[in-house]
Amino acid sequence: MSVPEIGVDELEELDPRTVQLIDVREPDEYEEARVPGAVSMPLMTIPERLGDVDGDASVYLICAVGGRSYNAAEYLRAYGYDAINVAGGTKDWIARGKPVDAGPARA
């Protein structure tokens with residue numbers, strides 16, 4: 001199954017208030033540094049949290065470099081979601097000097 005991808009520059013151009021961005025890294029990775037607006041949903045929790053993903057909107061998935069998020073996007077696409085992988089991931093985002101959030105997720 002083919003998974004569409006965008007780069008971090010394209011992600012930055014999207015409105016973070018309207019984009020569904022899911023970070024599939026582990027909680028410690030997420031707390032260390034993340035793209036602002038990203039919601040934590042570790043890869044292994046995706047099957048049990050499908051109800052937390054808005055099926056009416058595109059969902060962008062990000063991880064450290066793009067492998068786990070690709071797998072998550074592939075999984076979601078199999079269930080009919082418009083899932084897009086962010087190639088390069090959080091490491092590329094940080095390497096390009098883009099803004100980051102850190103710390104625990106807000107409740």
Side-chain angles (χ1 to χ4, degrees):
M1 173 180 296
S2 178
V3 173
E5 293 187 320
I6 64 167
V8 295
D9 290 333
E10 292 168 286
L11 178 64
E12 187 178 39
E13 292 173 10
L14 301 174
D15 184 345
R17 295 167 295 173
T18 61
V19 169
Q20 184 176 201
L21 177 62
I22 296 175
D23 189 324
V24 299
R25 298 175 302 153
E26 293 301 310
D28 61 321
E29 295 173 282
Y30 177 84
E31 289 180 8
E32 185 178 320
R34 63 184 172 272
V35 174
V39 173
S40 179
M41 192 180 296
L43 180 61
M44 298 306 291
T45 69
I46 298 271
E48 65 198 45
R49 294 190 58 194
L50 280 178
D52 295 336
V53 181
D54 182 355
D56 295 328
S58 296
V59 57
Y60 297 85
L61 296 124
I62 192 166
C63 65
V65 294
R68 288 176 282 181
S69 54
Y70 184 94
N71 290 338
E74 191 172 49
Y75 180 84
L76 289 172
R77 290 184 76 75
Y79 283 90
Y81 291 87
D82 180 24
I84 299 129
N85 185 42
V86 179
T90 306
K91 287 188 177 186
D92 192 27
W93 181 272
I94 293 168
R96 292 173 184 255
K98 298 183 186 304
V100 295
D101 284 344
R106 289 186 222 141

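If you're wondering where the values come from, they're calculated on a predicted model, not measured in any experiment.
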note = Correct closest heavy-atom pair for R49 and S40 would be NH1-O, 3.3 Å
request  = Specify the closest pair of heavy atoms between E26 and P42, including all atoms of both residues, with the distance to one decimal.
outcome  = OE2-CB, 4.1 Å
inquiry  = Under a 3.5 Å cutoff, is there a donor and acceptor pairing between the side chains of D54 and Q20?
reply    = no
query = Between the main-chain N or O of P99 and the side-chain N or O of W93, is there a donor-acceptor pair closer than 3.5 Å?
reply = yes
Close side-chain approach of V8 and V35, heavy atoms under 4.5 Å = no
task = Check the pair R25, E31 against salt bridge (charged side-chain N to carboxylate O under 4.0 Å, His left out), reporting the backbone distance first and the verdict last.
result = CA-CA 10 Å; R25 298 175 302 153; E31 289 180 8; over 6 Å; no
ask   = What residue among L43, I62, L61 forms side-chain contact (heavy atoms from CB on, under 4.5 Å) with D23?
value = I62
ask   = Which pair of non-hydrogen atoms, one from A33 and one from T90, has the smallest distance, and what is that distance?
value = O-CG2, 3.9 Å
task = For the pair K98 and D9, evaluate salt bridge (charged side-chain N to carboxylate O under 4.0 Å, His left out) and give the outcome as yes or no after the intermediate values.
result = CA-CA 9 Å; K98 298 183 186 304; D9 290 333; 2.8 Å; yes
note = Heavy atoms of A83 and V3 approach each other most closely as O-CG1, 4.3 Å
remark   = On a heavy-atom basis, the closest approach of P104 and R34 is O-NH2, 3.6 Å
ask   = Same cluster or not: are Y81 and I46 linked, directly or through other Ile, Leu, Val, Met, Phe, Trp or Tyr residues, by side-chain heavy atoms under 4.5 angstrom apart?
value = yes
request  = Treating Ile, Leu, Val, Met, Phe, Trp and Tyr as nodes and any side-chain heavy-atom pair under 4.5 angstrom as an edge, say whether L50 and V39 lie in one connected cluster.
outcome  = no
request  = List in chain and number order the residues that pass salt bridge (Lys or Arg N to Asp or Glu O under 4.0 Å) with E32, two or more places apart in sequence or in another chain; answer none if no residue qualifies.
outcome  = none
query = Does a side-chain heavy-atom distance below 4.5 Å link E5 with I84?
reply = no
message = With clusters defined by side-chain heavy atoms of hydrophobic residues (ILVMFWY) lying less than 4.5 Å apart, directly or transitively, does I22 cluster with Y60?
response = no
inquiry  = So does E10 get a backbone contact from the side chain of E13, meaning a donor-acceptor N/O pair under 3.5 Å?
reply    = no
ask   = Any side-chain heavy atom of E74 within less than 4.5 Å of one from S2?
value = no
V53 with L21, same ILVMFWY side-chain cluster at under 4.5 Å = no
request  = Find out if a path of hydrophobic residues (ILVMFWY) with successive side-chain heavy-atom gaps under 4.5 Å connects V19 to V100.
outcome  = yes
